[in-house]
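So the structure is just underneath, and the comments pick up after that.
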Amino acid sequence: MGSLLASCVTKREAPPANEAALPATGPLEGELRIFNWSDYIAADTISRFEKEFNVRVIYDTYESNEEMVAKLVAGGDGYDIVSPSGYLVPVLIEGGLLQPLDHAVLGNWSNLLPLFVDAEADRGGRYAMPYQWGMTGLAYRRDLVATPPTSWGDLGASALRGKVTMLDDGREVLGAMLKWRGHSVNSIDRAELDAALRDALAVKPNLRAYLSATVKGQLVSGDIAVAQLWSGDTRQAQLEESRIEFMMPREGTLIFTDYLVLPRRAPNRRAAHAFLNYVLRPEVAAEIAEQTGYGPVNGAAIGRMRRPVAAPDGDMLSRLEFQRDLGAATDLWDRLWTEIKAG
Ligand code: SPD
């Protein structure tokens with residue numbers, strides 16, 4: 001992914017004038033194409049939007065930032081809205097892959113919590129609207145482990161051989177191995193990264209697979225006992241199987257915010273803005289956060305939720321770290337991840 005993005009940044013063409021100037025006001029286009037993470041929206045969000053705005057939505061999903069970026073770089077496949085994680089937002093902006101948001105038609109913007117609007121991914125939200133936040137931790141079946149996991153190192157416990165998965169995401173796998181040894185999830189230190197590579201390869205024989213959101217079904221069936229997984233996806237699985245627990249390893253972990261952005265060539269700019277403003281409604285944001293299990297970034301939504309994810313504080317906050325753009329080290333991380341997958 002780093003190389004793909006790097007080539008965009010260096011070979012950036014200026015966006016055609018009409019793209020930059022197209023007003024977001026005016027009649028909506030009849031169609032909207034959304035590309036979002038799987039299991040990341042409420043059951044009725046799309047159908048209700050279609051009905052109220054008379055716009056047909058084509059809604060596709062992906063499992064990783066890499067998958068989404070590959071499509072974006074290849075021309076975006078005509079998508080109007082995609083959902084990158086925060087560390088990618090500055091890279092996509094710098095690469096000229098996004099178009100600016102028109103705040104004149106985002107009247108519900110003030111519902112967002114300032115904490116998220118002022119985040120370093122895109123201060124003030126020139127290009128990116130905060131969508132949801134979450135954490136990565138260990139989801140486990142308390143009935144299938146002799147001792148509950150407490151550390152990233154427990155992924156390698158011999159008693160769990162073949163009953164463990166890690167996320168299919170180099171930033172997550174290397175990030176967890178770095179945290180295990182007390183380093184930053186954004187390390188660019190060669191020695192630390194080499195050690196994380198060795199640790200990831202040492203844990204690998206214990207793994208059934210690298211799997212992301214799709215591991216939920218295997219946790220529910222009991223085929224997998226421990227999985228590196230995101231907080232919200234774990235909450236979704238817990239609704240089906242109450243013996244699933246979620247814990248943050250004692251060494252700490254990463255916290256992320258995902259955003260909604262408009263690709264540079266998004267053809268349905270007005271409908272895209274209408275959708276963003278719709279998602280900013282407190283009742284819509286509350287329903288999405290409640291059903292997906294992720295943290296609301298919309299302050300006005302929190303009071304409408306039955307069981308909102310509490311914002312981390314105190315000791316928990318001190319062990320959380322946001323992922324950041326790795327800059328020139330992205331290529332090295334990509335090479336290490338390729339080595340881990342092949343090893
Ligand atoms: N099922 C939705 C998952 C969203 C996870 N996005 C964030 C990944 C951060 N590495």
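Numbering of ligands and ligand atoms starts at 1, following listing order. The chain is numbered in sequence order, starting from 1.
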Residue pairs, two or more places apart or on separate chains, that pass ring pair (Phe, Tyr, Trp, His ring centres under 6.0 Å) and touch residues 297-343: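 Qualifying pairs: Y210-W337.
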What I want to check is whether the side chains of N111 and N298 have a donor and an acceptor closer together than 3.5 Å.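 No, because no side-chain N or O of N111 sits under 3.5 Å from a partner of the opposite role on N298.
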Which word best sums up how the rings of Y278 and F275 line up, parallel for under 30°, tilted for 30 to 60°, or perpendicular for over 60°?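 Y278 and F275: tilted rings.
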Any protein N or O within less than 3.5 Å of an N or O in ligand 1? List each pair with its distance, or say none.
| from | atom 1 | to | atom 2 | distance (Å) |
| --- | --- | --- | --- | --- |
| ligand 1 | 1 (N) | S38 | O | 2.6 |
| ligand 1 | 1 (N) | D233 | OD1 | 2.8 |
| ligand 1 | 1 (N) | D233 | OD2 | 3.3 |
| ligand 1 | 6 (N) | D258 | OD2 | 2.8 |
| ligand 1 | 10 (N) | E172 | OE2 | 2.7 |
| ligand 1 | 10 (N) | Q323 | OE1 | 3.4 |

Within the 6.0 Å centroid threshold, strictly below: Y259 and Y131: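 Between Y259 and Y131, the centre distance exceeds or equals 6.0 Å.
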Just jot down the side-chain hydrogen bond (donor to acceptor under 3.5 Å, both in side chains) partners of R208, sequence neighbours excluded, or say none.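 Result, side-chain hydrogen bond (donor to acceptor under 3.5 Å, both in side chains) vs R208: D223.
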Which donor-acceptor pairs under 3.5 Å do the side chains of residues 309-318 make with protein atoms, sequence neighbours left out?
| from | atom 1 | to | atom 2 | distance (Å) |
| --- | --- | --- | --- | --- |
| D315 | OD2 | R319 | NH2 | 3.3 |
| S318 | OG | D315 | O | 2.6 |

